[in-house]
Amino acid sequence: DSRAAKPGTFLKSNDVTPEVIAKVQRLNEIAARRGQTMAQMALAWVLRLPQLTSALIGASKVAQIEDAVGTLRNLTFSAEELAEIEAIL
């Protein structure tokens, strides 16, 4: 089941538009090319900012923590990746 389909969640089903799905798919393709999950790329994206020294993760399972730690294998973005991500966002 989709989180958007569950009552009382921040994400609403009408927020999940074809345009949003297309953006997520494009971002997922970039993450895959980087050898990362979407969550890993998102953490790397946040941690690339020099004014940030940490990022909080909402992990409820050990596997989520392990995935987050895997972010450390690739924290850098090429200029091309940054431009591609900015164009999508």
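We use all heavy atoms of the structure for the numbers below, so side chains are in, but hydrogens, waters and symmetry mates are not. In this chain, numbering begins with 1 at the start of the sequence shown.
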Partners meeting side chain to side chain contact (heavy atoms under 4.5 Å, CB included) with [X] (sequence neighbours left out):
X	answer
A39	T37, D67
V62	E66
A42	none
E19	T17, K23

**Q.** Separation of Q36 CD from I30 CD1 (nearest 0.5 Å)
**A.** 11.0 Å

Q. Looking at R33 and E84, does any basic side-chain N land under 4.0 Å from a carboxylate oxygen?
A. yes

Nearest atoms (heavy-atom pairs only) where [X] meets [Y]:
X	Y	value
R26	I88	NH2-CG1, 3.3 Å
M41	I85	SD-CD1, 4.2 Å
M38	N28	CG-OD1, 3.1 Å
A44	N74	CB-O, 3.8 Å

Q. Do V16 and I21 come within less than 4.5 Å of each other through their side chains, counting heavy atoms only?
A. yes

Q.
Tell me every residue that passes salt bridge (charged side-chain N to carboxylate O under 4.0 Å, His left out) with R48, counting only those two or more places apart in sequence or in another chain.
A. none

Single-linkage hydrophobic cluster [X]~[Y], side-chain heavy atoms < 4.5 angstrom:
X	Y	answer
L89	L47	no
L82	L27	yes
L75	L49	no

Q: Scan residues 51-61 for pairs that pass side-chain hydrogen bond (donor to acceptor under 3.5 Å, both in side chains), counting only residues two or more places apart or in two chains.
A: S60-Q64

